[in-house]
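Below you'll find the structure, written out as structure tokens, and then a few comments.
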Amino acid sequence: MAAEGDMSARGRRIGDDSALDCSSSIYEADPYDECTNPQGILNLGTSENKLCFDLIEDWFNRRNGGKSIAPDLLQYSCVQGIESFREEIAKFLTDYTRAPKTLHSEEIIIMNGCCSIFAALSMVLFDPGDGYLIPTPYYGGVNPYMDLYGEVQAVHVHLDSKISEGESLPFRLTVDKLESGMQHAKEKGIRVRALILINPHNPLGDIYPEQLLKDCLDFAHRHKLHVIMDEIYMLSRFEDINFTSILSLNAPDPERIHFMWGFSKDFAMCGIRVAVLHTRNKEIRSALNRLASFHRCPGPIQCILRQLIADREWINKTYLPTNQRRLREAHRIIVDGLAALGIPVLQNSAGLYVWADFRKFLKTQTTEAEIDLWWKLIHGKLYINPGIAFGCCEPGWFRLVFSDVADRINLGIQRLKVTLQAYVSETSPMDDLKEVPSSLVSAKMCSDDDSSEWGEELLQRTSEALTQNNTIVNVTAFTSATG
């Protein structure tokens, strides 16, 4: 056992285990596999596109089979990214974001994942204790990326399912709500330095209208805020709906616009770890390049991906249409399966997931009840993400990932049904549930004696985290394994 003084206070803060870290460990110790572990935990929580591995594998085999690696790719390269790769990225983003002017390679920085970009920006744009404004719910991984390096805190702009006057849909962002968030931060003495937006949204799966984006840019300009725009699901759209990239707009303050995108979601390559930052701010690029040496991508990977995004015929005629069709079909399967259980989802047109309403299954409308249900689902061999992992202020919402084969989605629905039936049978029998169409055997439920102690600890730690602050909450402890 290490002595008490072996690690710094900062090290202890970084090393603190989170509730979701614990749940991830449980999943990783017992992952589902059709052949070797059919009773393992089925993961519909991590946002990975598993529908197009065949297309990517085929492209790699046809384009790179047997090719040798150029010696220069095995040497140190520019920390900003290999020039030829950044040139192709600039062309790619110019086309697919519909930028009004050609983007330039010197405005591009390559890092090993969007998480690294968030971490680097936290060091360059903020001082410790500063805040960033972000609508909730949102991808909870932003929190540790910003906090562990830059010690920067989230200032939440809470959205919920209530449809306010002048709104037509739930979970709608408005500038008035952003203004309220800014005011609250001022009252708390927090200096807000940036607005972070995710478009298409994670976990809601919707797309920001062009006018709302323009309004957000005007808001940021008034308050002299940087805008960090995460568009990592930019091409993961399964409905024919117009998408407006921030790079397509004439921003009032372009030097404070920082755009990020990566290969993880749109090209089904979470393990490749390559992401892109575009910023016109030369001073910020200079500072980021000092940090980029810690977050480099291997030269051979950059070379291969340069060839991939240059193959526009394959992207436009094979990959994107097939990916869109498969996502649409998988989305229909999970929406229909959840509907059969009486679980509505928020209407969405992009992303790899649905935002589902489990509120009627909670014993009480509290976060503790949400975590209790979440633990029962893990206990029933199904891993999905609770709303608290995304900073949602309204208990009972869960994100389910559908970008997987139909058999696994149907198995997930079947396990969900079994667990919910057991969970509510004491007070509210689910006699009205329709049969889930699946030939798969329902999951075998594990016993209570091996995990109940961890479940009690999870509930206690959740309660402690929630009592810290109602509006400005550190949800770092609930962000692992969401993707």
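Below, all heavy atoms of this structure are taken into account, side chains as well, without hydrogens, waters or symmetry copies.
Atom CG of L217 and atom CZ of R256 lie 13.0 Å apart (nearest 0.5 Å). Rounded to the nearest 0.5 angstrom, R326 CZ and K50 NZ are separated by 15.5 Å. In this structure, CG in L159 is found 12.5 Å from CG in L169, a value given to the nearest 0.5 Å. Note that the CE atom of M260 and the CD1 atom of I109 stand 11.0 Å from one another [nearest 0.5 Å].
Around the CD atom of Q347, the shell of radius 6.0 Å holds no more than 12 heavy atoms that belong to other residues, nucleotides or ligands.
Pairs engaging residues 121-135 under the side chain to side chain donor-acceptor pair (under 3.5 Å) rule: D127-R191, D130-R191 [sequence neighbours left out]. Each side chain to side chain donor-acceptor pair (under 3.5 Å) pair with one or both residues in residues 330-340, not counting sequence neighbours, appears once here: H331-N348.
Taking the salt bridge (charged side-chain N to carboxylate O under 4.0 Å, His left out) definition, one finds that D218 meets it with nothing, sequence neighbours left out. In this view, D215 and Q211 satisfy the side chain to side chain donor-acceptor pair (under 3.5 Å) rule, not counting sequence neighbours. Not counting sequence neighbours, the partners of D206 by the side chain to side chain donor-acceptor pair (under 3.5 Å) test are R172. Residues forming a ring-ring contact (aromatic ring centres under 6.0 Å, His included) with F267 (at least two apart in sequence, or on another chain): F263, Y319. Under the side chain to side chain contact (heavy atoms under 4.5 Å, CB included) criterion, T174 pairs with E167, D176, K177, sequence neighbours left out. Checked against salt bridge (charged side-chain N to carboxylate O under 4.0 Å, His left out), E329 has the following partners two or more places apart in sequence or in another chain: R325. Scanning for salt bridge (charged side-chain N to carboxylate O under 4.0 Å, His left out) contacts around E394 gives K162, R359, with sequence neighbours left out. Partners of W355 according to the side chain to side chain donor-acceptor pair (under 3.5 Å) rule, which considers only residues two or more places apart in sequence or in another chain, do not exist here. Applying the side chain to side chain donor-acceptor pair (under 3.5 Å) criterion to H223, with sequence neighbours excluded, gives E179. Checked against ring-ring contact (aromatic ring centres under 6.0 Å, His included), H278 has no partners two or more places apart in sequence or in another chain.
Side-chain atoms of R273 come within 3.5 Å of backbone N or O of C270 as a donor-acceptor pair. For the pair T94 (side chain) and L103 (backbone), a donor-acceptor distance under 3.5 Å is present. Counting only distance, with no hydrogens or angles, the side chain of T419 and the backbone of L416 share no donor-acceptor pair below 3.5 Å. Using a distance-only test at 3.5 Å, with no hydrogens or angles considered, a donor-acceptor pair links the side chain of N49 to the main chain of L51. Distance alone, capped at 3.5 Å, is enough to place a donor-acceptor pair between the E231 side chain and the I246 backbone. Under the 3.5 Å distance criterion, the side-chain polar atoms of D266 are matched with a main-chain donor or acceptor of L235. In terms of modelled atom types and a separation under 3.5 Å, the side chain of T97 and the main chain of L93 share a donor-acceptor contact. A side-chain donor-acceptor contact under 3.5 Å links E370 to the backbone of G387. Counting only distance, with no hydrogens or angles, the side chain of T279 and the backbone of N281 share a donor-acceptor pair below 3.5 Å. At distances below 3.5 Å, not a single donor-acceptor pair connects side-chain atoms of R237 with backbone N or O atoms of S349.
In this structure the side chain of L373 reaches within 4.5 angstrom of the side chain of L362, judged on heavy atoms. Inter-residue side-chain proximity for R328 and E239 is flagged as met; some heavy-atom pair is nearer than 4.5 Å. Under the 4.5 Å side-chain criterion, counting only non-hydrogen atoms from C-beta, E107 is in contact with R285. With a 4.5 Å cut-off on side-chain heavy atoms, I228 and F118 count as touching.
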Run K381 and D30 through salt bridge (charged side-chain N to carboxylate O under 4.0 Å, His left out) and show every step you take. CA-CA 9 Å; K381 299 303 182 76; D30 186 26; 3.2 Å; yes

Residue pair H158, T136: steps toward the side-chain hydrogen bond (donor to acceptor under 3.5 Å, both in side chains) verdict: CA-CA 5 Å; H158 288 301; T136 74; 2.9 Å; yes

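The distance between the ring centers of Y353 and Y233 falls below 6.0 angstrom. Between W375 and Y423, the gap from one ring centroid to the other reaches at least 6.0 Å. A ring-centre distance under 6.0 Å is found for W261 and F92.
If you check the side chains of E48 and S403, you find no donor sitting under 3.5 Å from an acceptor.
The two residues G262 and I232 have their closest heavy-atom pair at N-CG1, 3.8 Å.
When each of H221, K214, R222 is tested with P252 by the rule side chain to side chain contact (heavy atoms under 4.5 Å, CB included), just one qualifies, namely H221. Exactly one of N143, N202, D230 qualifies for a side-chain hydrogen bond (donor to acceptor under 3.5 Å, both in side chains) with Y138. That residue is N143.
Relative ring orientation between F398 and F358 is described as tilted, the plane-to-plane angle lying within the 30° to 60° band.
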